[in-house]
Structures are given as C-alpha cells and as structure tokens.
Amino acid sequence: MRNIRSFFKLSLTTLLLGAFCASCGHVNKQVNGGDSPARTAETEALLKNLTQSSARGIMFGHHDDTLYGIGWEGDEGRSDVKSVCGDYPAVISFDLGELEIDSMRSLDKVPFEKIRQEIVNQYERGGLASISWHLRNPKTDGDAWDVSDSTVVRSVLPEGECHEKFCGWLKKMADFLNTLQTKEGMKVPVLFRPWHEHTGSWFWWGQDLCSDEEYISLWRMTVDSLRMYGVDNALYAYSSSSDSQNASKYLERYPGDDYIDVVGFDTYQFDREQFLGGLDCMLKIVTEVAKEHHKVPALTEVGYEAIPDSTWWTGTLLPAIEKYPIAYVLVWRNAREKVGHYYAPYPGQASADDFVSFYKNPKTLFAGDVNLYK
Ligand code: BMA
C-alpha cells in the first residue's frame, strides 16, 4: 500500500516537474536529483560551518534586528540586542514580502535597498542572514494570510492559471539574491526559508490549502527556478509549525535532501507548560531528522511576545534548548509600529538583565563569536 502511494507521489511530482521544465524559464537540464547544486565557495563554507557550529554553541538570532527597534528606525549600526548586551545577533533574518509586486518597501515598510545593505553588513560581521517571504497571494491579490481560496498552490504550478505570473515572482527573487554583493563583488550567501509554517493553515501554502504533492512541487519549482536563474549563494530551510507528532509526520511534505539544507520549526510561548512540552517534542524530531538526513537543525522562530517573564532567557528558553545540537535559535521582530509586538529585549525592558546572562553563557553565540565563511 505504502509503495503504491509513494510511486504515485513520485510520478505526479515527476509529471509536474516535467511540465515545469517545459514552461518556467526554459529549464532544460535535469532538475530532480543528479549533480549536486552549484554553490559559491563561501556558500559551501557557510554550510560546513553551520553543520559544525552546534559543537561550539547555539547562535542567537533576531528578525529585522538592525532595521528598527523599540523607539527607533533606520539608525546606522543600531540594534536593540546590541544596545542590551554589546553584540549583534549571530543570525539576522529579513523578510522580502512584496518584492514580488515591485514595491520599493517590504510588507513591514522597510526599503528593500536598506534590507540589501543590512544583509551585506551581517555577512561582513561573519554572521548569517536568513530570508523569509511573506509574499502576496498570487491568485486573489490578497496578502500571505489570505486563505479564502484553496487552489492557489495548484494555480502556480505548471498548467495553472497563475503559473506565468508566479514564475515572474521567482525571477524577481532570483534577481534580488543574485545581486546581494559586497563592494568587491563577492556574492553574499544567505539562508532562504520560504513556505514556512506549512503545517498550519494560516498562509495560502498551508496544510489545508494544498495537497502533499502540490506543496512539494511548489518547493521544488522554487529551488529549481532559483538555481536555473544562477542563484548559487543560497541554502534552503524547511520549517514547519510546531504540530508534528513524529519524524514521519514532519517529513510528510519534505521536498527532498537535494532541496533542503536546514530543518527547523517555529513555535511561540503562550502557556508555558504547553510551550515547553511542544518545544521539546519538536526539538527531538528535528534533531533526529537532521541526523538521519545530514541536515542542519535549527529553531527557526521562537518567542514570547513582550517577554513579560523577567527570567525567560535563562529560566525557560536556554534550559529547553541547550541539550539539543541546534545551530541557531531566532526570535521574531521588535516592531516599532505595533505596540507590545516585540520578542527581544531593549534597554530597560523587564528581561534585559537576564538577556545579558543569556549572552554571557558560554553556550550562546553572538556575531562576535562566529565567522561562518572561513
Ligand atoms: C508577523 C507579524 C506581522 C509581520 C509579519 C511579517 O509575525 O510580525 O506584523 O508583518 O510577521 O514580518
């Protein structure tokens, strides 16, 4: 029974990919399996260092860290994390939502040129820049959270009515990634993390909005297109929401080892006990999957909004993650425009002193502790 099903899955995927080869940007080389992907030497070094970094500690990450924070926006070199502990996060993530519609600013109202500069700055610190994509709904023209239509993923696949439009969006992403360069013309490696939290149903690519086969095809089409457009400076992260019960459930929509470098998940604290239980279960799953598939495990998003617990960093987060060999843990953004929507401390915030202890703990790594490109 299982074999017939996997055969069917494979055939459908191959079929969809075949159609893709004929339609999206004239792909004419084998895209599924075969040669290992072309990557720049710095991107290879990044992958090697990410694979080994958990032996030294867990890198701390913060979304949009150097773009804005509580009470400021766009100040050169500023970071709430640095203001509290003296160093930048080892990982900074950025979101490219609305790049696809030729906007000058992202969905969170940051100029793309500023994001580009901060990605390069993070590379020059020796740290990692990760990119998520809360892109708009290509079928309804709503936002990423518009789940009013459950045929959107199907519509962007080959033969779908939005396929051409969507290929154009992938080309814009490729152009952005290809032009991430230092002044000397060095292409900056990044970790690309699209189609995240797909085991929930709040984004148009979520669990109830497409089949396993459609989701996998979406991923493969994305990576194949970027590679075809010459993107050789990206690694790829698969990150679910926090509801998988075991490794095989976690892998249900996994696009395959040729497509993925980092395996992770996103989870947030509401009720502490429930959060800790789910976190531990998911950490077991991703570290086990990473080991078996030779991938890098990470806690790709986590946090406790407004951090009302003054000892959250060393009393809740660190004890929960330190026994697992994850490469990094990343908290979400410190919104300057939404009161109370922040996940890292700023000077004077209730958990700031505890964050300094978290920073000083030898198990946590910040930008000054890493050089991911050597
Ligand atoms: C969400 C919130 C939103 C934001 C989105 C993309 O979790 O922070 O305000 O627009 O992420 O960054």
Side-chain angles (χ1 to χ4, degrees), residues 61-74 79-81 89 91-101 103-119 122 128-138 140-147 152 169 172-173 176-177 190-207 209 237 239-243 264-270 275 278-279 282 298-308 317 328-346 349:
H62 183 210
H63 187 71
D64 280 359
D65 183 76
T66 47
L67 298 175
Y68 53 79
I70 303 305
W72 63 275
E73 170 152 24
S79 142
D80 282 346
V81 165
V91 184
I92 304 182
S93 64
F94 302 92
D95 197 279
L96 298 186
E98 299 193 7
L99 181 79
E100 70 282 357
I101 54 165
S103 173
M104 299 300 283
R105 301 192 304 165
S106 72
L107 83 164
D108 291 322
K109 308 283 174 279
V110 184
F112 284 113
E113 279 319 300
K114 176 72 178 162
I115 296 178
R116 172 192 301 284
Q117 188 52 54
E118 290 306 327
I119 291 173
Q122 180 63 0
L128 171 66
S130 169
I131 292 176
S132 56
W133 197 15
H134 285 87
L135 74 174
R136 296 185 71 85
N137 182 318
T140 64
D141 289 326
D143 60 21
W145 293 266
D146 179 356
V147 290
V152 184
W169 288 9
K172 288 178 216 271
M173 177 57 70
F176 186 91
L177 298 176
V190 291
L191 176 64
F192 188 41
R193 190 177 70 94
W195 319 131
H196 65 301
E197 298 178 7
H198 62 280
T199 50
S201 296
W202 44 85
F203 295 128
W204 58 257
W205 55 87
Q207 183 70 33
L209 288 303
S239 84
S240 71
S241 12
S242 59
D243 35 25
F265 65 100
D266 296 357
T267 185
Y268 286 86
Q269 176 168 336
F270 297 96
F275 165 72
L279 179 58
M282 286 302 298
L299 179 41
T300 44
E301 276 184 43
V302 72
Y304 188 12
E305 191 176 46
I307 331 156
L317 184 64
Y328 74 85
V329 54
L330 181 136
V331 298
W332 205 239
R333 67 197 192 105
N334 281 12
R336 73 302 198 197
E337 82 292 2
K338 246 192 202 179
V339 178
H341 188 56
Y342 60 85
Y343 296 88
Y346 52 89
Q349 198 275 332

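Model, not experiment: these values are computed from the prediction. Atoms within each ligand, like the ligands themselves, are counted from 1 in listed order.
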* Asked: What residue and atom, counting heavy atoms only, is the protein's closest point to atom 11 (O) of ligand 1, and at what distance?
  -> Trp332 NE1, 3.2 Å
* Asked: Salt bridge check: are Glu337 and Arg333 linked by an N-O gap of less than 4.0 Å?
  -> yes
* Asked: Looking only at protein heavy atoms, which one is nearest to atom 8 (O) of ligand 1, and how far off is it?
  -> His341 NE2, 2.6 Å
* Give a yes-or-no answer on whether the side chains of Ser239 and His196 include a donor-acceptor pair shorter than 3.5 Å. => no
* Asked: With atoms numbered from 1 as shown, which atoms in ligand 1 lie under 4.0 angstrom from a non-hydrogen atom of Asp108?
  -> 4 (C), 6 (C), 10 (O), 12 (O)
* Asked: Ion pair present between Lys114 and Glu73, side-chain N to carboxylate O less than 4.0 angstrom?
  -> no
* To do: Output yes when Arg336 and Asp108 qualify as a salt bridge under the 4.0 Å nitrogen-oxygen rule, no when they do not.
  => no
* Asked: Do NZ/NE/NH1/NH2 and the carboxylate oxygens of Glu100 and Arg136 come within less than 4.0 Å?
  -> no
* To do: Check each atom of ligand 1 against the heavy atoms of Lys338 and keep those under 4.0 Å away; list them by number with element.
  => 3 (C), 9 (O)
* **Distance from atom 5 (C) of ligand 1 to nearest protein heavy atom, with residue and atom** => Trp145 CH2, 3.8 Å
